[in-house]
Structure formats: structure tokens, C-alpha cells
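Just so you know, ligand 1 is whichever comes first in the structure, and atom 1 is the first atom listed for that ligand. In this chain, numbering begins with 1 at the start of the sequence shown. Please read all numbers here as calculations on a predicted model, not as lab measurements.
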Amino acid sequence: MAARNKKILFATSEAHPLMKTGGLGDVSGALPAALKNLRQDVRIIMPAYRAALRRLNKLTVASLVLDEDPHPVRILESTFPNTNIKVWLVDSAAHFDRAGDPYTGPDGHDWPDNAERFAVFARAVAAVALGRAGLGWQPDVVHCNDWQTGLVPALLRDEAPRPATVFTLHNLAYQGIFPAAEFWRLGLPAALWSMDGVEFYGSASYIKGGLACADMLSTVSPTYAREICTPEYGYQLDGLLRARADRLTGILNGADYREWNPAADHHLPARYSASDPSGKAAVKAALQKEMGLPVSADAPLIGLIGRLVEQKGVDLVLGALPTLLRQGAQLALLGSGVKHFEQALSALAAQYPDRFRLHLGYSEALAHRIEAGADMFLMPSRFEPCGLNQIYSLRYGTVPIVRRTGGLADTVVDLEDAGADLATGFVFDDPTPAALLATAQRALTLYREQPQRWQQLVATGMAQDYSWERSAKDYLALYEQALRHVSSRSGK
Ligand code: ADP
Ligand code: GLC
């Protein structure tokens, strides 16, 4: 018998197109819609960032004053763009109505009041979850995402009755760790200051609140779910994760093919598909022109998009790039991040102006054109919880070159590990420039010398299906498990 439909409160700090700094925004912009398609009653709750307020027609629903906070916090209601899903914005102008990045100020440092901002957000989510916000709706399950929502399962843990809680970890490298004094200043419940709460080596860890207190845990690929249980990837939380391994599962992200589909992508100068790939050549030529590279159909064009941080293996790219460029590859790179990576990449681009062009900054439209116009997509991450760009690349016929870690290992099949009819890309193991170089050279050689096998690789990639429906069904099963844990706690 089909399980009854659930009321799900989806709590997130980002949801594209209202707010996005990376993959969390993509996931939160798509998974709720996939759950809705499975006939679940899902609602999104996120901070009322200035960008989100500007994008939505808002409507005040309830004025909710949080006990320990000097500012009134309102819940605004609207409809999430391109869906019929209700979105609630936690509105506290002092905390969220700011220009720019949700986590860092114009000086590039974290906003100094992040502990308070995401405590305010979490308290509002908890109030809605417990039906105390005057919204006339109470969820069965609260689905929290990343450290910004980590306090929610902690705040709910000792309440009864309460909804089930699920915490999805998108990246263990970002934890929301704050001085103990902040915890006490914010008046968070003293019961949470313990080893099985948010206390973490004498500091307050918001992510630990989620990992320790949620009824069920997930992360965004099966391989990363295993990796984070080891000291190498566990950031000192691997012990906790091993202890809760029976509550932890890996559910691979999907791709939102409403947004990422070369046959209907309005950011592209031409469209193409697996059955008619001819338009890709025009997109490549336009991209070369846009980036200022020589327009050449034969030059192998590599694309790279991402946050320029340690995680993404930028140092490996810097090490391998001069040789690759000298061997005739072109690189189109879009990203922003750590200053010294930006500077080193800029210096290389200045050295090889007719081979390597980079765009420092953020551009949704250019990201689509690089996905589509490049022949290969480089993603040599040191770790990668899931990774979305390699999944988009597959659909765009842009062959991924990735390191075997996390979700990259789960989504790309190397030509040497499978026949040409099953392989989708190139995969290397060692996090070294030499390993990256050797693998990229394998790709260049195949591209140049065996066009038919290359086309087979492209076609197999384009045929992969990572639509959200399957992942959404896995989340439904996870919600069921979480609900069973809550009802067994309350003896029901
Ligand atoms: P992560 O979440 O670690 O940044 P993902 O691969 O999951 O990595 O998702 C990254 C998302 O952010 C993709 O949609 C990617 O296209 C986008 N993105 C990253 N950097 C930029 C940028 N500079 N401009 C536009 N989009 C970007
Ligand atoms: C994180 C991870 C990335 C993942 C994304 C969405 O930002 O770094 O690998 O795809 O979250 O889950």
C-alpha cells in the first residue's frame, strides 16, 4: 500500500533562483518540486535575504516574536518561482536584508553575527515545525540542510510531540563553528551543551547539532557517505558519524533538467540533443569567441566552473595546466574564490592568452554556455560530496574528467573500467598534478585520434538519466524511517 502523503518542511539557506552560492541552491531549488510531483505537501522555509525579497511578491502571514531575540521576526509567504510550492521567508531585516553573499561580508570574511543569524533562522524553523508560528500548518517531517539549519534538529530533539527530523549534509567542510560564549549569549538551551549536542571541542558546532540530533541523516552520494565515516574526510566528526552509521545514508543528487537541458537551454546561441547533436559545434564556436579564444573546431576545449577553493583541486589544475596548454588544449574557466588561486590563475591566463581564458566572478548564463560549448569538463576535486557540474556535463555531451572521490566516483565511469558503450568519462585517483595531467592527456588523445569512440563516449553520457524523481523517492523512504524513530521514542 502506498504510504500516506506527508507534510514536509524543507529548511534551507539557499534555493535557486532565490539564492545560490553553489550546489545547495540547485538542490533546494529542485528537490521540493520533485517531492511535490510525488504528491507530497512540501513547503520551503529560508531566510528573507534581500535578493529573495526582491524576486518575490511577498505577503505577511504571521508576526512571530522569538523569545530571546530583541528583533521581531516575521514569516512572509509567497510561491516559489516556477512551482506551486509555498515558500516561507524568515524575515528579520537586521539579520538577512543585506546585499551580496549570504555568509560573507564585502571584506570576504564571514559576517561577524553568523552565529546569531542562523540561530534566529533555526528558532523560526523550529517554531513553524511545532505549529507555534500561527501558520495553521504543521509538518510531519522537517528536512534540514547543512550547518545553517543544524540547530533545528537540536532545538526539536527534546520536544514532544514533535515532527521527525532529517538532516542532509551537503559538505562537511563547512560546519558553522562559533565560540562557546556565543552559544550562551544567544540563550540556546543548556541541555544542548554536551557531547551529544552541539558542543564540539569547547566550541558550538551548528553542523554537529544536526548530525547528533536528527532522527535520520543523509549525504549527497553513497561514496561520500562512506568517506565521511573515516578520519581522512571526517573533520573529527567521523566518530559521531560511525556511531550513527545506521541512521546515515547516501542519496545521490539529481539534475534539474528543467534548467540543464541543451535541447531547451535559453542561455545558448543554438540548441542540440542526443538525437541531433549538430548544434553543439555552433555553441563551441560562440563560446570560444565570447571568451576571446581562437575559434577552432578542432582545438580540444576544456571547461571548468566552480568555487575556487582547496576542495575543487585548483592547485592540481595550476600544476597540470601549462603542459596541457602547450599541448594545444584550450581552457575556459569560470569561478571565484580564494584570492591566491584567483591570482595564480590570472597569471597563467596572461601567459597563455590564446589558450586559457578565465572569467572571475559569478554568471549563471556563462556557466550554461561553458557546460554546452566545451568538449570536456574538468573537475579534479580533492573531495566532492556529490558535485553537479559533472552531471550537467554528461547531459550536455561534455565529457567529464574527474577525480575518483565522493559523487564524482558515483557518476562518471572511466573508459578503462568499462567498454566504450558504458563509459562516460575519465577518472583518476591520486590527488596530484601528474595524475590529472596523465588522465587529461588520455582524453586529448582519444578526442584527436579516435573521433568515433569519442562520439560514443559523448552519446553514452548524454543518455544517462539523473532526474530528481528517483532521488526524491529515496528521500520519501528516509522520511518514513525518521517517522518510525520518532514514534518509537514517544512509545506510539
Ligand atoms: P559546490 O556546491 O561544491 O559548489 P556543485 O557542483 O554541487 O559544487 O554545484 C555548483 C553549482 O554552482 C553549479 O550549478 C555551478 O554551475 C554553480 N557555480 C559555481 N561557481 C559558479 C560561478 N562562478 N558562476 C556561475 N555558477 C557557478
Ligand atoms: C555541496 C558539495 C557538492 C554538492 C552540493 C549539493 O556544496 O560541495 O558536492 O553537489 O553541496 O548537494
*Please identify which atoms of ligand 2 are closer than 4.0 Å to at least one heavy atom of Pro385.*
2 (C), 8 (O), 9 (O)
*Check ligand 2 against Val27 and write out every atom of the ligand that is under 4.0 Å from a heavy-atom position of the residue.*
6 (C), 12 (O)
_Close N or O approach (Gly23, ligand 2; < 3.5 Å)_ = no
_Option set Met379, Gln390, His170, criterion heavy-atom distance to atom 7 (O) of ligand 2, minimum_ = His170
Could you pull out the N/O contacts under 3.5 angstrom between ligand 1 and the surrounding protein atoms?
residue: ligand 1; atom: 2 (O); partner: Gly23; partner atom: N; Å: 2.6
residue: ligand 1; atom: 3 (O); partner: Arg307; partner atom: NH2; Å: 2.8
residue: ligand 1; atom: 3 (O); partner: Lys312; partner atom: NZ; Å: 2.8
residue: ligand 1; atom: 4 (O); partner: Arg307; partner atom: NE; Å: 2.7
residue: ligand 1; atom: 6 (O); partner: Leu388; partner atom: N; Å: 2.8
residue: ligand 1; atom: 7 (O); partner: Leu388; partner atom: N; Å: 3.4
residue: ligand 1; atom: 8 (O); partner: Lys312; partner atom: NZ; Å: 3.1
residue: ligand 1; atom: 9 (O); partner: Gly23; partner atom: N; Å: 3.2
residue: ligand 1; atom: 14 (O); partner: Lys20; partner atom: NZ; Å: 2.9
residue: ligand 1; atom: 14 (O); partner: Asp26; partner atom: OD2; Å: 2.6
residue: ligand 1; atom: 16 (O); partner: Asn389; partner atom: ND2; Å: 3.1
residue: ligand 1; atom: 23 (N); partner: Gly361; partner atom: O; Å: 2.8
residue: ligand 1; atom: 24 (N); partner: Ser363; partner atom: N; Å: 3.1

*How does Asp26 reach ligand 2, by side chain, by backbone, by both or by neither, if only non-hydrogen atoms under 4.0 Å count?*
neither
_Taking the ring centre of each residue, are Trp454 and Tyr447 less than 6.0 Å apart?_
yes
*So which heavy atom in the protein is nearest atom 10 (O) of ligand 2, and how far is it from that ligand atom?*
Gly387 N, 2.8 Å
*Residues in side chain to side chain donor-acceptor pair (under 3.5 Å) with Asp265, at least two apart?*
His368, Tyr396
*asked:* Test of understanding: with salt bridge (Lys or Arg N to Asp or Glu O under 4.0 Å), list the residues that count as partners of Arg470, not counting sequence neighbours.
replied: none
*Could you tell me which atoms of ligand 2, counted from 1 in the order shown, lie closer than 4.0 angstrom to a heavy atom of Asn253?*
6 (C), 10 (O), 12 (O)
*Do Ser218 and Thr168 meet the criterion of a side-chain donor-acceptor pair at a distance under 3.5 Å?*
yes
*Which atoms of ligand 2 sit under 4.0 Å from any heavy atom of Val220?*
12 (O)
*For atom 9 (O) of ligand 2, which candidate among Arg307, Glu14, Glu384 holds the nearest heavy atom?*
Glu384
*Taking NZ, NE, NH1 and NH2 as the nitrogens, is one of them in Arg43 or Asp41 under 4.0 Å from a carboxylate oxygen of the other?*
yes
*Do the ring centers of Phe178 and Tyr206 come within less than 6.0 Å of each other?*
yes
*May I ask you to check whether Lys312 has an N/O atom sitting below 3.5 Å from an N/O atom of ligand 2?*
no
*Taking Trp88 for its side chain and Pro47 for its backbone only, find out whether a donor-acceptor pair lies under 3.5 Å.*
no
*asked:* For the residue pair Asp410 / Thr223, report whether a side-chain donor-acceptor contact shorter than 3.5 Å exists.
replied: yes
*Run the salt-bridge test on Asp375 and Lys284 with the 4.0 Å N-O cut-off and return the result as yes or no.*
yes
*asked:* My understanding is that only residues two or more places apart in sequence, or in another chain, count here; which of them pass salt bridge (Lys or Arg N to Asp or Glu O under 4.0 Å) with Arg226?
replied: none
*Output yes when Lys7 and Asp140 qualify as a salt bridge under the 4.0 Å nitrogen-oxygen rule, no when they do not.*
no
